[in-house]
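Both backbone and side-chain heavy atoms feed into the values below; hydrogens, waters and symmetry mates do not.
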Amino acid sequence: RTRGVAADANEPAGTMARPMTGMAMPPPQTGMRTAVGTSAGAGGAFLAGTIREGRYTEQIYGMVRDGKWSVAIEVLSAKLLEFPSSRSAASLLAYCYYHSGDYQNALQTYERLMRMCPEVQEYKLYYAQSLYKAGLYEPATKACQNIDEGSELEGRVLMLQAAISYDQDELLETKALVEQCPPDEAATIVNEACILYKEAMGVDGGAPQPEKLEQARLHFVEAMNTTGFCAETAYAIALCYYNQRQYGPALKHIAEIIEKGVREHPELSVGSQAEGIDVRSVGNSTVLKETALVEAFNLKAAIEYTMRDFEAAVEALSDMPPRADEELDPVSLHNTALMRMELEPEAGFRKLNFLLSNPPFPPETFANLLLLYVKHHYYDLAADVLAENAHLTYKFLSPELYEFLDATLGVQTAPEEAYRKFDDLSKRHIDTLRALTKSIQDARLQKDNEAIKASLKSYDEALERYVPVLMAQAKIYWDREHYPMVEKLFRQSAEFCSEHELWKLNVAHVFFLQETKFREAIRYYEPVVKRAADAITSVPAIVLANLCVSYIMTSQNEDAEELMRRVEREEEEADPEKQCFHLCIINLVIGTLYCAKGNFEFGIGRVMKSLEPYPKKLGTDTWFYAKRVFLALAETLAKHMIMLKDSTLHDILEFLGAIEACGKSVPTKVQDHPDRPVDVATANVSFEARQIKQLYVKLRQ
């Protein structure tokens, strides 16, 4: 998901809000079992006949038992070079490659075994399974057809064929294959549940069927009652609850998975990354897969993200067993990219593009990459991705989201046409909201509590889809500084949006920037601040700054001072090691206000004072605000529009010298575009302060 954030008083908070696609979640990972104990190690029984008896053989089997695949692969590869015709060494090596996730080498080794022993059907099955795991579905299907019919492997071949169809979302064919399996076996029940899950989500191109989610969940519960606790099945149950928006039961199952995984497998180092310890990767072992810890932590992060507890979502991802970036599964890679996008946009875009070019990837990847490009104003890159992946639009973008993106990208070249498209979208959303309002009224008249709850829930979801369209439509006028027209659009939408927090905040910004409606701005800003009375620094700094300015402009200076004192007290009580910019930004905005009104002496003094102490208050954002004031003053001085006292000029030069001394490590720009690297030698506060200082030295001369 992407969220709009106010950068300064000239950018509305949330104006860039987009339809939210959410974090990626894998489908039930129990799904379409392929006789998971891919018992390629059957050939391992021959090992003792080729390699000498004793401790050496025991150690090899110990490595396999403990999942030390890389060590076993190294030893077995050396032995296979020594004994090229050893079937047992090749068989065990292929098994290790398969379980370490190196399917390409597993394929090559099984091909070798098939040439050595063409009559052994197991190798043909394991070869087909390796193709399936490598994502080569068509060759895997053909490989299944090469396995002799009527063999003991027939049931496992059926399972594998069903798995291949399932992964390609061919649910009718999957269902036909699963129906041929023994109906009372737990694996069959799980597979039936997986089919129901995908049907419920509408992944086969059909309409979503939410009622099937409950059927899928009950099938998973039945399977777990048969087999006892299974982490993968417990995850599937939690996933069903998640999609039913029953987050409490989902979190309960997740907690059970995590607790069992931590208790039984301390070697997986759960939570070690959160403690800031540099820990060794645990790799993608069989044990890790069996515990379903990765899936559980991803689902926990998704729930916290949906509930807008972003810190808890980041914590859930960091609690995951440690793995290197190249070892991450597609879902974890997607979610870590999404959660760290604000801090590392370049890395986030690189990860999402990597996923898109290496299918299969989480369904949310395509939409999130486009929305994030739009959020960061990289419309050219978004248009390129959309054009290069036209075949993905029908599968991964809803018609509504596609129309939204089409209109958003069109704003750059044809704003009038884009406005018309947004207007058409808005009308459809409003019609939906009106219909839902009537449903709520009808349910209340009938005193049907369940219908009231369902209608209210549908209304809230429809409203969340409408608000981003409204904001994008308003932004067209906002960017042209046509604030009365933005206000008009907001007034027209008040019937539905008047209680929506994002709408209220942007209405406040519109009143503020018209510079004649500060009292109206106060009326909308104050409730936001009052709701956070116990944690005032949780309110965006620009909201507090705009409220202070509104107080000053309406001669309510005492209220402004009281608000600033509250912010100052809370900052003093905060962690002294942590930078906190709220009071600094408030003073910067007030200083900027005085400078804009022509009182540079007072305004520039306020700006300089606001950044003390420099190591704690100097940051990318605060310097951005401050340097604009110094550049505006330099321009005014160059035009001989004002005279400045020598003492003030001396203070400015001293201030810029101090900033130059401690600003080398503070960047002025973060690279967030893959094709536009940042020059760290010039993109830092120290360099810019030196340039501005030279400008003032010339002005003084």
Side-chain angles (χ1 to χ4, degrees), residues 1-5 14-25 135 168-169 201-205 208 330-331 333-335 337-338 341-342 344-426 428-429 464-476 479 671-676:
R1 298 184 183 177
T2 60
R3 295 179 295 130
V5 180
T15 292
M16 290 303 295
R18 305 293 173 193
M20 297 183 177
T21 59
M23 296 183 76
M25 286 314 308
Q168 296 178 92
D169 297 333
M201 304 307 291
V203 296
D204 57 344
V331 172
L333 189 65
H334 171 277
N335 288 347
L338 197 62
M341 187 58 75
E342 296 296 329
E344 300 172 356
E346 184 202 2
F349 284 128
R350 189 172 64 248
K351 289 173 183 177
L352 292 175
N353 275 298
F354 171 81
L355 286 169
L356 199 62
S357 57
N358 290 275
F361 48 80
E364 294 84 356
T365 305
F366 186 49
N368 276 339
L369 179 59
L370 290 168
L371 292 170
L372 286 163
Y373 272 145
V374 168
K375 179 185 175 182
H376 286 76
H377 300 178
Y378 296 140
Y379 302 110
D380 55 337
L381 293 177
D384 289 346
V385 169
L386 204 55
E388 291 165 7
N389 299 279
H391 60 291
L392 299 179
T393 55
Y394 301 103
K395 186 172 183 181
F396 296 117
L397 299 182
S398 65
E400 180 186 294
L401 181 55
Y402 176 78
E403 288 177 39
F404 176 86
L405 288 165
D406 182 47
T408 303
L409 298 177
V411 170
Q412 312 310 307
T413 52
E416 294 83 4
E417 177 64 15
Y419 185 88
R420 186 192 62 76
K421 288 179 179 178
F422 281 131
D423 204 39
D424 290 343
L425 264 175
S426 292
R428 293 207 294 274
H429 281 294
E464 290 299 326
R465 292 193 296 271
Y466 169 53
V467 168
V469 176
L470 171 66
M471 295 302 166
Q473 187 179 10
K475 190 176 186 299
I476 295 173
D479 289 342
Q671 181 175 351
D672 55 2
H673 193 295
D675 303 326
R676 299 173 195 166

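- Checked by atom type and distance alone, the side chain of Asn389 pairs as donor or acceptor with a backbone atom of Val385 at under 3.5 Å.
- Put simply, the residue from Tyr379, Phe366, Phe349 that forms a ring-ring contact (aromatic ring centres under 6.0 Å, His included) with Tyr373 is Phe349.
- Side-chain contact between Thr365 and Phe396 is absent, with no heavy-atom pair separated by less than 4.5 Å.
- Looking at every heavy atom in both residues, Leu409 comes nearest to Ala382 through CD2-CB, 3.8 Å.
- More than 12 heavy atoms of other residues, nucleotides or ligands shown are found within 6.0 angstrom of OH on Tyr419.
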Checklist entry - Could you walk me through whether Gln412 and Asp380 pass the side chain to side chain contact (heavy atoms under 4.5 Å, CB included) check? => result CA-CA 10 Å; Gln412 312 310 307; Asp380 55 337; over 6 Å; no

Next on the checklist: Assess the residue pair Leu392 and Leu386 against the criterion (side chain to side chain contact (heavy atoms under 4.5 Å, CB included)); give the C-alpha distance rounded to whole Å, side-chain angles, the decisive distance to 0.1 Å, and a yes or no.
Outcome noted: CA-CA 8 Å; Leu392 299 179; Leu386 204 55; over 6 Å; no

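- Separation of atoms CG (Leu425) and CZ (Arg420) is listed at 10.0 Å; rounding is to 0.5 Å.
- From Met201, atom CE reaches atom CG of Asp169 across 12.0 Å, with rounding to the nearest 0.5 Å.
- Pairing each heavy atom of Pro360 with each of Pro330, the nearest pair is O-CG, 4.0 Å.
- The nearest pair of heavy atoms linking Pro468 to Phe404 is O-CE1, 3.7 Å.
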Next on the checklist: Between Ile476 and Phe422, is the side chain to side chain contact (heavy atoms under 4.5 Å, CB included) condition met? List the steps.
Outcome noted: CA-CA 10 Å; Ile476 295 173; Phe422 281 131; 3.9 Å; yes

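- For the pair Leu401 and Leu371, the minimum side-chain heavy-atom distance is below 4.5 Å.
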Checklist entry - Should Lys375 and Glu342 be marked as a salt bridge (charged side-chain N to carboxylate O under 4.0 Å, His left out) after you check the CA-CA gap, both sets of side-chain angles, and the distance that decides it? => result CA-CA 11 Å; Lys375 179 185 175 182; Glu342 296 296 329; 2.7 Å; yes

Checklist entry - Going through the distances and angles, do Arg428 and Asp424 end up as a salt bridge (charged side-chain N to carboxylate O under 4.0 Å, His left out)? => result CA-CA 6 Å; Arg428 293 207 294 274; Asp424 290 343; 5.9 Å; no

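- Here the closest non-hydrogen pair linking Ala418 and Gly410 is CB-C, 3.9 Å.
- From Leu369, atom CG reaches atom CZ of Phe361 across 10.0 Å, with rounding to the nearest 0.5 Å.
- Taken from OG1 in Thr393 to OH in Tyr402, the straight-line distance is 6.0 Å, to the nearest 0.5 Å.
- The CG atom of Leu355 sits 11.0 Å away from atom CD of Glu364, with the distance rounded to the nearest 0.5 Å.
- The CG atom of Leu405 lies 11.0 Å from the CD atom of Glu400; values are rounded to the nearest 0.5 Å.
- A pairwise comparison of heavy atoms in Pro345 and His376 identifies CB-NE2, 4.2 Å as the closest pair.
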Item to check | Leu352 and Met341: CA distance, side-chain angles, deciding distance, side chain to side chain contact (heavy atoms under 4.5 Å, CB included) verdict | outcome: CA-CA 11 Å; Leu352 292 175; Met341 187 58 75; 4.0 Å; yes

